[in-house]
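Before any comments, here is the structure.
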Amino acid sequence: MAEAAPADMSRLLRIESTEIKALDAARGRLKIVGLSLALCFGVLGVRAIELAVTSPAHAAATRPVMAEATRGDLFDRTGQVLATTLQTHSLFADPSLVWDAAETAEALAGVLPDLDVEAVTRDLSSHRRFVWVRRNLTPRQRQAVFSLGLPGLDFRLEPRRVYPRGRLASHIVGYTDRDLHGLAGAERSFDAALSSSDGRPVALSIDMGVQFHLDEVLRTTMDEFDALAASGIVMNVRTGEIVGMVSLPDYDPNRPNDASNDERLNRSAQSVYEMGSTFKAFTVAMALESGAATLESGFDASEPLQIGGHTIHDFHGENRWLTLSEIFIHSSNIGSSRIALEVGSEGQREFLGRMRLLERAPIELAESADPLLPRNWGPTETATISYGHGLAVSPIATIAAFAAIANDGIYVAPTLQPVAADETIVGERVMAASAARDVMALMRENVTDGTGGRAEAPGYLVAGKTGTAEKPSRGGYDRNRLISSFSAVFPYNDPQYAILILLDEPHGNESTHGYSTGGWTAAPAVGEIVSRIAPILGVVRSDADHNERAAMVRAALMPEPIP
């Protein structure tokens with residue numbers, strides 16, 4: 001007999017239909033959850049791959065140390081690059097990923113020979129997640145390290161300051177630290193402009209052609225006379241522009257930490273010296289300016305001068321009365337002392353103050369040094385300062401004062417910034433033009449007929465003054481240790497440039513008959529430098545030499561027939 005259908009069939013069907021819908025909804029939700037989980041795991045997988053390449057520890061540690069702005073370049077006045085910034089690779093390590101610290105260090109030393117293996121081994125054995133191995137690799141070094149395939153090592157880009165001209169002009173250009181903050185020279189003086197947001201370039205007043213010849217001659221002279229150090233400066237007397245400045249010994253600004261303090265010292269601005277007879281130019285100018293004497297005024301130099309328990313002698317005494325002109329030409333210490341005593345201590349201090357010799361030279365260099373002044377400025381000090389002893393000043397301050405004499409008595413502050421052709425230069429009159437011209441005439445006579453004859457450069461009419469000062473020592477001065485110098489202006493008939501050469505403890509040789517004074521050592525260097533740089537600076541030779549040169553050209557092109 002057939003089974004009878006349930007009485008409430010419709011109710012049963014409704015229950016089954018509801019259960020099926022609930023199951024379908026649950027399956028749908030599970031699919032959504034599954035897809036969400038799959039997506040999350042996918043994102044985590046991608047992130048895990050990123051972290052495998054760049055772990056969070058060194059990702060944070062390798063954030064750029066520098067601001068994104070590029071440091072501006074430094075140029076000379078002709079557009080030659082003196083300093084620029086390049087992107088270089090630096091090598092770092094995550095010690096936790098290094099398999100064998102000692103083996104890794106040894107392998108790196110094979111391609112980076114000056115690497116400190118012991119120090120690197122210690123760093124790679126540490127529990128840190130980031131250590132520097134070597135900063136600023138060359139492209140060849142980076143490729144060599146990369147080819148090793150060592151685990152735990154990686155590279156990052158870093159900016160590096162590069163100095164294409166190396167040692168040439170190193171003291172002017174200066175250098176930066178790793179974070180590109182200027183520490184010396186123009187890099188420090190113009191740091192704000194160079195590090196501005198637009199990476200603005202900065203041009204300097206120096207001419208690298210002039211700088212090269214100044215450096216080469218000064219280096220040769222320093223070696224020839226076995227001097228401890230040397231300094232050389234070339235300055236435009238009308239604009240104050242420094243077109244060349246050398247200090248020896250020098251250093252490579254690409255590796256400033258390898259240099260000693262002595263090599264990093266800018267002797268042209270940072271050192272102060274008793275300048276010796278160079279100061280006689282200022283003593284004569286002071287006498288003429290104050291009205292205490294004329295060129296024909298006479299002073300007794302017949303015997304040594306006794307003052308304050310000291311005796312002042314002449315190197316080659318004339319042993320007679322001398323006119324002011326003769327005192328300068330014969331470089332008489334006795335005569336200079338008597339001139340200064342005639343003016344008086346107050347007058348001397350006031351005049352030297354006007355010449356900016358009692359303060360740091362007003363140039364942009366932070367290294368510009370303050371002078372060393374006497375504690376008491378009495379008659380004895382007045383006498384010795386008249387011939388350059390008892391007061392120590394920097395070479396840059398000295399050359400700026402000489403430039404004022406050459407500039408008709410108008411002082412223009414020395415500068416490392418180029419001056420435009422149409423720019424108005426504001427100077428300060430520090431002496432009458434007539435007094436300045438009289439001193440210039442004496443300086444020219446000193447080259448033609450006096451102690452500065454070896455500074456002559458044919459065709460360029462050099463005018464100047466020798467300087468020889470004994471170095472201070474315990475209990476007085478050491479006559480065997482000299483500061484020898486020559487300060488000059490050229491051309492005499494149209495003064496445009498001043499030049500100073502200074503040698504620290506030169507030694508005489510056979511060519512100088514054993515003399516190490518300024519006239520024998522520094523003066524010849526000035527003559528050679530002027531001959532080399534005058535054409536670069538556009539200085540026109542004198543008419544007399546033009547005629548001589550024309551005659552030589554005619555003789556070369558149209559030789560006379562042989563009889």
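Only heavy atoms go into these numbers, but all of them, side chains included; no hydrogens, no water, no symmetry mates.
The existence of a salt bridge linking Arg444 and Glu456 is confirmed by a sub-4.0 Å separation between a basic side-chain nitrogen and an acidic carboxylate oxygen. The existence of a salt bridge linking Glu216 and Arg532 is confirmed by a sub-4.0 Å separation between a basic side-chain nitrogen and an acidic carboxylate oxygen. Checked for salt-bridge contact, Arg77 and Glu241 meet the test: a charged N lies under 4.0 Å from a carboxylate O. Between Asp258 and Arg264 there is no salt bridge, since no side-chain nitrogen of the basic residue lies less than 4.0 Å from a carboxylate oxygen of the acidic one. Salt-bridge annotation for Arg338 and Glu342: absent, with no side-chain N of the basic residue lying under 4.0 Å from a carboxylate O of the acidic one. Classification of Arg320 and Glu326 as a salt-bridged pair holds, one side-chain N sitting under 4.0 Å from a carboxylate O. Between Lys471 and Asp504, at least one side-chain N (NZ, or NE/NH1/NH2) sits under 4.0 Å from a carboxylate O, which counts as a salt bridge.
Side-chain atoms of Glu445 and Phe328, non-hydrogen and from C-beta on, never get closer than 4.5 Å to each other. Contact annotation: the side chain of Asp370 never approaches that of Glu359 to less than 4.5 Å [non-hydrogen atoms, C-beta and beyond]. Taking 4.5 Å as the limit, some side-chain heavy atom of Ile206 sits within range of a side-chain heavy atom of Met208. At least one side-chain heavy atom of Met235 sits under 4.5 Å from a side-chain heavy atom of Pro414. No side-chain heavy atom of Leu391 sits under 4.5 Å from any side-chain heavy atom of Leu372. A heavy-atom distance below 4.5 Å is not found between the side chains of Val412 and Val237. When side chains are defined from C-beta on, Ile327 counts as touching Ile339, because their heavy atoms get closer than 4.5 Å. Taking 4.5 Å as the limit, every side-chain heavy atom of Val173 sits out of range of all side-chain heavy atoms of Pro253.
How far CD1 of Ile533 is from CD of Gln211: 10.5 Å, rounded to the nearest 0.5 Å.
Using a distance-only test at 3.5 Å, with no hydrogens or angles considered, no donor-acceptor pair links the side chain of Glu187 to the main chain of Ala184. For Thr283 (side chain) and Phe279 (main-chain N/O), a donor-acceptor pair under 3.5 Å exists by modelled atom type. With hydrogens and angles ignored, the 3.5 Å screen pairs a side-chain donor or acceptor of Glu381 with a backbone N or O of Gly378. Counting only distance, with no hydrogens or angles, the side chain of Asn509 and the backbone of Ser511 share a donor-acceptor pair below 3.5 Å. A donor-acceptor pair is defined here as one N or O able to donate and one able to accept, closer than 3.5 Å; such a pair exists between the side chain of Thr384 and the backbone of His389. Not one N or O on the side chain of Arg437 forms a donor-acceptor pair closer than 3.5 Å with the backbone of Ala406. With hydrogens and angles ignored, the 3.5 Å screen pairs no side-chain donor or acceptor of Thr466 with any backbone N or O of Ala523. In this structure, Ser170 contributes its side chain and Arg167 its backbone to a donor-acceptor pair below 3.5 Å. The main-chain N or O of Leu365 is never found under 3.5 Å from a side-chain atom of Ser368 such that the two would form a donor-acceptor pair. Judged by distance alone, the side chain of Asp314 and the main-chain N or O of Asn333 form a donor-acceptor pair under 3.5 Å.
At a cut-off of 3.5 Å, with distance as the only test, no side-chain donor of Ser484 or Thr517 sits close to an acceptor on the other residue. Gln348 and Trp377 share a side-chain donor-acceptor pair at under 3.5 Å. At a cut-off of 3.5 Å, with distance as the only test, a side-chain donor of Thr415 or Glu364 sits close to an acceptor on the other residue. For the residue pair Ser260 and Asp262, no side-chain donor N or O sits within less than 3.5 Å of a side-chain acceptor on the partner.
Classification of the His316-Tyr515 ring pair by plane angle, with boundaries at 30° and 60°, yields perpendicular.
Checked against the 6.0 Å centroid threshold, Phe282 and Phe402 count as a close aromatic pair.
Tyr411 does not carry Arg429 over the face of its six-membered ring by the limits of under 6.0 Å from the centre and within 45° of the normal.
When the shell of 6.0 Å around CZ of Arg219 is examined, it contains more than 12 heavy atoms from other residues, nucleotides or ligands.
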Residue pair Ser268, Ser231: steps toward the side chain to side chain donor-acceptor pair (under 3.5 Å) verdict: CA-CA 6 Å; Ser268 294; Ser231 170; 2.7 Å; yes
Set out, in order, the CA-CA distance, both residues' side-chain angles and the distance that settles side-chain contact (heavy atoms from CB on, under 4.5 Å) for Phe490 and Gln496, then state yes or no. CA-CA 6 Å; Phe490 69 97; Gln496 297 177 46; over 6 Å; no
Yes or no on side chain to side chain donor-acceptor pair (under 3.5 Å) for Thr78 and Asp207, after CA distance, side-chain angles and deciding distance? CA-CA 7 Å; Thr78 67; Asp207 183 308; 5.5 Å; no
Working for side-chain contact (heavy atoms from CB on, under 4.5 Å), residues Val393 and Val272: CA-CA 4 Å; Val393 299; Val272 294; 5.6 Å; no
Please step through salt bridge (Lys or Arg N to Asp or Glu O under 4.0 Å) for the pair Arg454 and Glu528, ending with a clear verdict. CA-CA 9 Å; Arg454 293 171 185 81; Glu528 183 174 354; over 6 Å; no
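Taking the ring-ring contact (aromatic ring centres under 6.0 Å, His included) definition, one finds that Tyr251 meets it with His171, Tyr175, sequence neighbours left out.
Closest approach of Leu324 to Ala287, counting heavy atoms only: CD1-CB, 3.9 Å. Shown here for Ala186 and Leu194, the closest heavy-atom pair between the two residues is O-CD1, 4.2 Å. What you find for Ser485 and Thr278 is that their closest heavy atoms are OG-OG1, 3.4 Å.
Sorted by first and then second residue, the salt bridge (charged side-chain N to carboxylate O under 4.0 Å, His left out) pairs with a member in residues 478-499 read Arg238-Asp494, Arg481-Glu505; sequence neighbours excluded. Every pair passing salt bridge (charged side-chain N to carboxylate O under 4.0 Å, His left out) that includes a residue from residues 280-290 is listed here, sequence neighbours excluded: Glu289-Arg354.
Shown are Glu263, Arg267, Met222; of these, the side chain to side chain contact (heavy atoms under 4.5 Å, CB included) with Leu248 is made only by Met222.
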